Amino acid sequence: RIKERLRRALIEGGADDRAYATYSAILLAERDVLDSDLRDRYAAAGIAHILALSGFHVGFIALIAALILFPLNLFPRLRPLKYAGIVAAIWAFAWLTGMGASVTRAAIMATVLYMGHIIGREVSPWNSLCVAIAVILLVWPGQLLAPGFQLSVAAVASLLAFVPLLNPVDPRRRLPYVCVQAVAVPVAAMGGTMAVTALWFHALPVYFLPCNVAVALAFPLLMTAGVLTMLCGLAGVALPAVYAGANGLCAALDSLAEHVSSWPGAVAS
């Protein structure tokens, strides 16, 4: 019932058909409304992963929660409450979206990392990944043979292993670091998942890099516009600037996928 109310809120907030389908998938894990042609275009362009909830989406929820709870930073003794609030928001999102393997894996990793902040200990991301894998396989052993789980684990392991090598820029140089990171992340993720993708789907997108760089830069705006559209619908108002931005971003993303998927040799069998 909650998910159905949130889906109606998207429409009441001003989302058009394309934006409604896209945000139902990336915010609520409801992929049944996605057109099969749209899925094929996204897959051929190498950006189908944004339609399947993953650590990308969990990270955005954590960011929103951190911004809302930012005032707690003013009181050092209350900072553990901030981290606990972020963890609660992440698990609420995971529950709302059906506890898929990739979201659950990301939620467990985030929980382990934030628990380290709460108790004052630094936690290794590799340890967090291993804990997430162990918990998921203890609860759902069949996930070991699921392509989504294999892709998720391969992508995170590749990011942890190769992004630091691909981006030697000092993080204190903020702008150059972010620019290089926008290229390093899709290269590492795609490189690490190529074998699994080829095994299960028998095809690889050739032009994944330019598409994923564009998506990495636009993704925060895309998610923010969707959340604001949903909130407007829940409040019973429709703000033209908000829904125009949401509809425009979804249209631009779809147009990008359509153009790239039509290029010669877009998919290598």
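What you see below is based on every heavy atom in this structure, not just the backbone, and it leaves out hydrogens, waters and symmetry mates. Counting begins at 1 with the first residue of the sequence. Keep in mind it's a predicted model, so treat the numbers as computed, not measured.
Between F219 and H57, the distance separating the two ring centers is shorter than 6.0 angstrom.
Proximity of a side-chain donor or acceptor of K82 to a complementary backbone N or O of F70 within less than 3.5 Å is not detected. Between the side chain of S24 and the main chain of E30, no donor-acceptor pair closer than 3.5 Å is present. No side-chain donor-acceptor contact under 3.5 Å links E258 to the backbone of R41. Between the N247 side chain and the G14 main chain, a donor and an acceptor come within less than 3.5 Å of each other. With hydrogens and angles ignored, the 3.5 Å screen pairs a side-chain donor or acceptor of N212 with a backbone N or O of G46.
Side-chain contact between L253 and I50: present, with at least one pair of heavy atoms (C-beta onward) separated by less than 4.5 Å. The shortest distance between side-chain heavy atoms of W200 and L151 does not fall below 4.5 Å. Counting heavy atoms from C-beta outward, L231 and V242 have side chains that stay 4.5 Å or more apart. The closest side-chain heavy-atom distance from I133 to V153 is below 4.5 Å. At a threshold of 4.5 Å between non-hydrogen side-chain atoms, the residues L144 and Q150 do not count as touching.
Listed by first then second residue, pairs satisfying salt bridge (charged side-chain N to carboxylate O under 4.0 Å, His left out) with a partner in residues 155-173 read D170-R172, not counting sequence neighbours. Within the structure, ring pair (Phe, Tyr, Trp, His ring centres under 6.0 Å) contacts touching residues 250-269 (residues at least two apart or in different chains) are Y207-W263.
Cluster membership for M99 and L137, using ILVMFWY side-chain heavy atoms within less than 4.5 angstrom, is shared. M194 is not connected to L159 by any chain of hydrophobic side-chain contacts under 4.5 Å among Ile, Leu, Val, Met, Phe, Trp and Tyr, and they are in different clusters. Cluster annotation: I64 and L72 are assigned to the same hydrophobic cluster (Ile/Leu/Val/Met/Phe/Trp/Tyr, side-chain heavy-atom contacts under 4.5 Å, transitive). Hydrophobic clustering, with ILVMFWY side chains joined whenever heavy atoms are under 4.5 angstrom apart, keeps V183 apart from V178. Criterion: ILVMFWY side-chain heavy atoms under 4.5 Å apart, direct or through other members. Under it, V196 and V206 are not part of a common hydrophobic cluster.
The minimum heavy-atom distance between I108 and A132, with the atom names listed, is CG2-CA, 3.5 Å.
Scanning for side-chain contact (heavy atoms from CB on, under 4.5 Å) contacts around A246 gives Y23, A225, T229, with sequence neighbours left out. Residues passing the side-chain contact (heavy atoms from CB on, under 4.5 Å) test with S152 are S102, R105, sequence neighbours excluded.
Going from atom OG of S54 over to atom NE2 of H49 covers 8.0 Å, rounded to the nearest 0.5 Å. The CD1 atom of I11 sits 8.5 Å away from atom CZ of R7, with the distance rounded to the nearest 0.5 Å. To the nearest 0.5 Å, the span separating CZ on R79 from CG on L74 amounts to 8.5 Å. Expressed to the nearest 0.5 Å, how far CG of D254 lies from CG of L38 amounts to 4.5 Å. Separating the CZ atom in F208 from the OG1 atom in T197 is a distance of 10.5 Å, to the nearest 0.5 Å. Note that the CD1 atom of I26 and the CG atom of L222 stand 4.0 Å from one another [nearest 0.5 Å].
Using a 4.0 Å cut-off between charged nitrogen and carboxylate oxygen, E12 and R5 count as a salt-bridge pair.
At a cut-off of 3.5 Å, with distance as the only test, a side-chain donor of T111 or W91 sits close to an acceptor on the other residue.
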Atom pairs and distances, donor-acceptor, side-chain atoms in residues 119-127, under 3.5 Å, two or more places apart:
from : atom 1 : to   : atom 2 : distance (Å)
S124 : OG     : W126 : N      : 3.2
S124 : OG     : N127 : N      : 3.4

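Residue L67 shares its hydrophobic cluster (ILVMFWY side chains chained together at separations under 4.5 Å) with L63.
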